[in-house]
Student: 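Quick one: the structure is below, and I'll ask about it shortly.
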Amino acid sequence: ETGVTQTPRHLVMGMTNKKSLKCEQHLGHNAMYWYKQSAKKPLELMFVYNFKEQTENNSVPSRFSPECPNSSHLFLHLHTLQPEDSALYLCASSQAHSQEGAQYFGPGTRLLVL
Amino acid sequence: LAKTTQPISMDSYEGQEVNITCSHNNIATNDYITWYQQFPSQGPRFIIQGYKTKVTNEVASLFIPADRKSSTLSLPRVSLSDTAVYYCLVGDENQGGKLIFGQGTELSVKP
């Protein structure tokens with residue numbers, strides 16, 4: 001499925017680096033999400049954007065900075081990360097920020113912080 | 001904290017029906033129950049969603065009792081390719097109905 005794409009698929013960065021993750025959805029959806037999935041743990045919702053406006057920030061450290069320039073694109077800017085931030089970062093989109101209806105996930109970016 | 005409880009793992013054989021139950025005692029009145037499937041190193045994929053009673057699609061069935069405090073995902077005649085982690089997703093009344101994934105059930109289908 002190519003409805004939600006994420007780049008890069010893999011990323012290795014040092015703790016002093018600055019990098020960005022990109023997500024793009026081609027489904028005409030209005031809500032986009034960032035999730036973090038650490039090994040052997042459930043998905044953790046990080047941010048929610050609805051019609052380009054951030055509606056949820058689940059106590060995410062400020063070293064993660066999201067950006068949503070339009071309803072189709074979502075970025076996650078990373079700086080001064082810690083090794084415990086290594087995880088799979090998943091982007092998702094849905095028609096609206098509602099519990100009704102499916103969220104469509106991208107393939108994820110596997111991040112390793114050294 | 002996730003407010004759903006699922007078995008951590010289940011084993012099955014090809015051709016069998018598999019039923020995975022999720023407990024969600026704090027489900028809010030307006031919450032839907034949604035199940036996702038996830039293969040290693042991939043994003044979750046939507047399977048089915050329901051509010052009450054029974055929902056069926058080409059992939060699975062979802063059974064929800066009247067009190068809605070649990071739900072059961074039923075996969076008919078599983079195959080090896082159904083080996084995956086299955087997540088139950090509901091809101092959490094104690095956190096404003098926020099969507100929270102359960103810990104997932106790792107289903108292993110054997111030949």
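Numbered from 1 within each chain, the chains take letters A, B, ... in sequence-line order. The figures that follow rest on heavy atoms only: side chains count, while hydrogens, waters and symmetry mates do not.
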Student: Can you tell me how far apart NE2 (A:His79) and CZ (A:Arg63) are? Round to the nearest 0.5 Å.
Tutor: 9.0 Å
Student: Given a cutoff of under 4.5 Å between side-chain heavy atoms of I, L, V, M, F, W and Y, with clusters grown through shared members, what are the other residues clustered with A:Val113?
Tutor: A:Leu11, A:Met13, A:Met15, A:Leu21, A:Met32, A:Trp34, A:Met46, A:Phe47, A:Tyr49, A:Val60, A:Phe64, A:Leu74, A:Leu76, A:Leu78, A:Leu81, A:Tyr89, A:Leu111
Student: Among side-chain atoms of B:Ser9 and B:Glu106, is any donor-acceptor pair under 3.5 angstrom?
Tutor: no
Student: Could you tell me which residues satisfy side chain to side chain donor-acceptor pair (under 3.5 Å) with B:Gln16, sequence neighbours excluded, listed by chain and number?
Tutor: B:Ser12
Student: Please identify, among A:Gly106, A:Ala92, A:Cys91, A:Pro107, the residue contributing the most non-hydrogen atom pairs under 4.5 Å to chain B.
Tutor: A:Pro107
Student: Side chain, backbone, both or neither: which part of B:Tyr36 has an atom under 4.5 Å from a heavy atom of chain A?
Tutor: side chain
Student: So what's closer than 4.5 Å to chain B heavy atoms on A:Leu43: side chain, backbone, both or neither?
Tutor: both
Student: If I measure from the heavy atoms of chain B, does A:Gln37 come under 4.5 Å with its side chain, its backbone, both, or neither?
Tutor: side chain
